[in-house]
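For clarity, every value in this text was computed on a predicted model and none was experimentally measured. All ligand and atom numbering here is 1-based and tracks the order in the structure. We're numbering straight along the sequence, starting at 1.
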Amino acid sequence: MPVTDHVNLEQFMEGVKKRNPGQPEFVQAVQEVSQDIFDFIQDKVEYHEAQILRRIAEPDRVVSFRVCWEDDNHNIRVQRGWRVQCNNAIGPYKGGIRFHPSVTEGTLKFLAFEQTLKNSLTGLPMGGGKGGANFNPKGKSDAEVMRFCQSFMTELYRHIGPDTDVPAGDIGVGGREIGYMFGQYKRIVNRWEGVLTGKGQEYGGSAMRPEATGYGAVYFLRNMLKHRDMDIEGHTAVISGSGNVATHAAEKITQLGGKVLTLSDSGGYIHDPDGIDQEKIDWVKHLKNVKRGRISEYADEFKGATFHEGRPWGVAADLALPCATQNELNEDEAKTLVKNGVKAVSEGANMPTTLEGVHVFHDAKVMYAPGKAANAGGVAVSGLEMSQNSERISWNHERLGDMLTDLMQGIHDKCTEYGDQGDGYVDYVKGANIAGFKKVADAMLAFGVV
Ligand code: NDP
Ligand code: 2IT
């Protein structure tokens, strides 16, 4: 008798909690997926016998390492780095690197787990991984960031490779950091190979990668609205974050005729009732990527805009796009959005809404796209960058834009296939979880017990 025949969802989750103490984000991510998967596999004995869910929820390996570097005052600093290789059933491990002081092993395990299902959903051959360090790039000079990145890669390089594990950016890791890390990898192995994505266009990067996550989240939003005969044009949007994902989501909303009212960072949010147009978005990109300033400065620059501490979810809008970080939208904030008439939520960030917040959206029948579906455009274009590097070719912006649009449509269709509730409402969480799980699970079945 297979062991899992005796295990119900509660018992399964008890085991997950026991095996992963002090890692609440990982437990939360597994919980959100397991609810749907237990229903789906109820009558599928082969998945039970092979213990597929139990195996996906246990990373293939977690590598942890010391990262020493010297700051500009010649102090020796010590950080901890990790690479979590969750699952490579359908392709090389693939997923970003996060540099943020809050990063722990548990954070990266949750992100690698989500990434495994997200990458499967794209339809491209990519497994799931995630890495990072408890390094705070804020306030560091370029030289300090370079020395940190080089030291980080000096350890990481032995665990990655273009057919093994292909990292990319995430919070605190953008074009500058990818450049430093790629340079160090190339120097160590003496090979030019597509080991990272999100590279500069001069050295093998995709012309569409910087925009891909934010644009993709808006394409997904557009697909959801279209499913209910609605459109972005003429609608207002609240967006959190002011980094890569948030600024590109704002840009695409604006291009499609929507009006963006807010952006934020960890200090607070700005509310601009006139709308954050392209000129203002360009100003924010410069503020964040070049000046490395704070979003509060926006209110000094643009009259009519105001800066507030806290999160932007109290500002009434038709659309909401959380694009900053995990658990940044809780139950009460979800209730406020619903009370203010939000029609659709598309997550640019990974797991930004708490489990309780998700229930609020579902109960109110608000269209709600979880990060693993809505923000998959970023990793999908990373997948295209891997193909370009392998083939030694490059595709232009327009061609990649078409491919991204098609990929997001494909992900939307997979979600509706498994998430249609029969009353016109689509449970995109369920759809994404089942479609993402099924492909990985079937590949694992083919391999036997490995
Ligand atoms: P960036 O580093 O470019 O920007 C992060 C933004 O989020 C900043 O405005 C930052 O503010 C804010 N933020 C970060 N942590 C917190 C926090 N604890 N509380 C409040 N605000 C916070 O990162 P990205 O835009 O790349 O990533 C944003 C989200 O999107 C993350 O969840 C990431 O995992 C996800 N994602 C990113 C992809 C990509 O391609 N980059 C792909 C798919 C998902 P501050 O400057 O004050 O820290
Ligand atoms: O969360 C994510 O999907 C990312 N940070 C991007 C991963 C990637 O490999 O492009």
Side-chain angles (χ1 to χ4, degrees), residues 25 91-103 107-108 110-119 121-122 124 126-132 136-139 160 165-178 194-199 205-206 208-217 239-250 263-270 284-285 287-289 292-296 309-312 321-329 347-353 370-386:
E25 293 160 334
Y93 303 108
K94 178 86 197 85
I97 291 178
R98 179 177 291 192
F99 291 162
H100 194 274
S102 68
V103 165
T107 315
L108 299 173
F110 118 64
L111 288 162
F113 176 77
E114 288 279 292
Q115 197 83 46
T116 298
L117 301 174
K118 181 198 304 190
N119 293 2
L121 265 180
T122 66
L124 301 174
M126 300 182 288
K130 202 87 186 188
N136 187 359
K138 280 202 201 89
I160 61 177
D165 184 351
V166 182
D170 194 79
I171 292 177
V173 177
R176 173 181 64 169
E177 291 74 17
I178 293 289
V195 71
L196 298 177
T197 59
K199 300 184 291 297
S206 157
M208 181 49 91
R209 182 64 189 85
E211 299 92 329
T213 310
Y215 281 18
I239 299 184
S240 64
S242 49
N244 172 274
V245 180
T247 50
H248 289 108
L263 287 172
S264 74
D265 63 19
S266 51
Y269 69 94
I270 53 102
V284 174
K285 284 184 184 173
L287 173 78
K288 287 287 169 174
N289 298 332
R292 304 208 176 258
R294 311 301 301 153
I295 200 66
S296 57
E309 283 181 3
R311 305 195 282 222
L321 292 98
C323 296
T325 193
Q326 63 272 14
N327 291 329
E328 56 160 324
L329 203 171
E347 294 185 339
N350 285 306
M351 207 171 75
T353 309
K372 68 169 76 68
N375 71 37
V379 75
V381 172
S382 278
L384 301 180
E385 186 172 327
M386 288 167 72

- Quick one: do Arg292 and Lys138 satisfy side chain to side chain contact (heavy atoms under 4.5 Å, CB included)? Show the steps, please. CA-CA 8 Å; Arg292 304 208 176 258; Lys138 280 202 201 89; over 6 Å; no

- Message: With side-chain hydrogen bond (donor to acceptor under 3.5 Å, both in side chains) as the criterion, how do Lys118 and Asn375 come out once you've worked through the C-alpha distance, each side chain's angles and the decisive distance to 0.1 Å?
- Response: CA-CA 9 Å; Lys118 181 198 304 190; Asn375 71 37; 2.8 Å; yes

- Ser242/Arg294 under side chain to side chain contact (heavy atoms under 4.5 Å, CB included): CA gap, chis, key distance, verdict: CA-CA 9 Å; Ser242 49; Arg294 311 301 301 153; over 6 Å; no

- For Lys285 and His248, what are the C-alpha separation, side-chain angles and deciding distance, and is it a side chain to side chain contact (heavy atoms under 4.5 Å, CB included)? CA-CA 9 Å; Lys285 284 184 184 173; His248 289 108; 3.4 Å; yes

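For the pair Pro137/His100, no side-chain contact is recorded, criterion being any heavy-atom separation below 4.5 Å from C-beta on. Proximity of Ser206 to Leu384: side-chain heavy atoms (C-beta onward) are nowhere separated by under 4.5 Å. Side-chain contact between Ile160 and Pro167 is present, with heavy atoms from C-beta onward closer than 4.5 Å. Contact annotation: the side chain of Val379 approaches that of Thr122 to within less than 4.5 Å [non-hydrogen atoms, C-beta and beyond].
Salt-bridge formation is not detected for the pair Asp165/Lys94: no Lys NZ or Arg NE/NH1/NH2 atom is positioned less than 4.0 Å from an Asp or Glu carboxylate oxygen.
Taken from CD in Glu385 to NZ in Lys199, the straight-line distance is 4.0 Å, to the nearest 0.5 Å. Summarising the geometry, atom OG belonging to Ser296 is positioned 10.0 Å from atom CD belonging to Glu309; distances are rounded to the nearest 0.5 Å. Here the CD-NZ distance, from Glu114 to Lys130, works out to 9.5 Å after rounding to the nearest 0.5 Å. For the atom pair Ile178 CD1 and Ile97 CD1, the distance stands at 6.0 Å (nearest 0.5 Å). In this structure, CD1 in Ile270 is found 5.0 Å from CD1 in Ile295, a value given to the nearest 0.5 Å.
Residue contact annotation: Met351 has no non-hydrogen atom under 4.0 Å from ligand 1. Distances shorter than 4.0 angstrom occur between a heavy atom of Lys130 and an atom of ligand 2. Close to ligand 2: Lys118, with a non-hydrogen atom less than 4.0 angstrom away. For the ligand labelled ligand 2, residue Gly371 lies outside the 4.0 Å heavy-atom shell. In this structure, His100 has a heavy atom closer than 4.0 Å to ligand 1. Put simply, no part of Gly174 is less than 4.0 Å from ligand 1, judged by heavy atoms. Ligand 2 has at least one atom lying under 4.0 Å from a heavy atom of Arg209. In this structure, Glu328 does not count as a contact residue of ligand 1, since none of its heavy atoms falls inside 4.0 Å of the ligand.
Listed by atom number, the atoms of ligand 2 under 4.0 Å from Ala168 heavy atoms are 8 (C), 9 (O), 10 (O). Near Ser264, with a cut-off below 4.0 Å to any heavy atom, the atoms of ligand 1 are 9 (O). Ligand 1 places these atoms under 4.0 Å from at least one heavy atom of Ser242: 9 (O). Remark: ligand 2 atoms within the under-4.0 Å shell around heavy atoms of Gln115 are 1 (O), 2 (C), 3 (O), 7 (C). If you number the atoms of ligand 1 from 1 as listed, the ones under 4.0 Å from a heavy atom of Arg294 come out as 45 (P), 46 (O), 47 (O). Taking a cut-off of under 4.0 Å to the non-hydrogen atoms of Arg98, the atoms of ligand 1 that pass are 31 (C), 32 (O), 33 (C), 34 (O). For ligand 1, the atoms lying closer than 4.0 Å to a non-hydrogen atom of Gly241 are 9 (O).
For atom 5 (N) of ligand 2, the nearest non-hydrogen atom from the set Ile97, Val245, Asp170 comes from Asp170. Among Ile171, Thr213, Thr247, the residue whose heavy atom lies nearest to atom 39 (C) of ligand 1 is Thr213. Of the candidates Ser266, Ser240, Ala374, Ser102, Ser266 brings a heavy atom nearest to atom 21 (N) of ligand 1. Considering only non-hydrogen atoms, atom 28 (C) of ligand 1 lies nearest to Ala324 out of Ala376, Ala349, Ala324.
Here Arg209 has side-chain heavy atoms under 4.0 Å from ligand 1, and that is the only part of it that gets that close. If you look at Glu114 next to ligand 2, there are no close heavy atoms at all, none under 4.0 Å. Neither the backbone nor the side chain of Gln326 has any atom closer than 4.0 Å to an atom of ligand 1 (non-hydrogen atoms only). When heavy-atom distances to ligand 2 are checked against a 4.0 Å cut-off, Asn350 comes that close only through its side chain, counted from C-beta outward. Under 4.0 angstrom from ligand 1, the non-hydrogen atoms of Cys323 all belong to its backbone. Using a 4.0 Å cut-off between heavy atoms, Pro352 makes no contact with ligand 1 at all.
When only interatomic distances are considered, the shortest N/O to N/O separation between Val166 and ligand 2 does not fall below 3.5 Å. On a distance-only criterion, Gly378 and ligand 1 share no N/O pair closer than 3.5 Å. Taking only nitrogen or oxygen atoms, main chain and side chain alike, Lys130 does not reach within less than 3.5 Å of ligand 1. For ligand 1, the polar-atom distance check finds no N/O of Gly169 at less than 3.5 Å from any of the ligand's N/O atoms.
Of all protein heavy atoms, the one closest to atom 9 (O) of ligand 2 is Lys94 NZ, 2.6 Å. In terms of protein heavy-atom proximity, atom 7 (C) of ligand 2 is nearest to Gly96 N, 3.5 Å. Looking from atom 4 (O) of ligand 1 to the surrounding protein, the closest heavy atom is Gly243 CA, 3.3 Å.
Looking at Asp170, Thr325, Thr107, Val245 one by one, the single match for side-chain contact (heavy atoms from CB on, under 4.5 Å) with Asn350 turns out to be Asp170.
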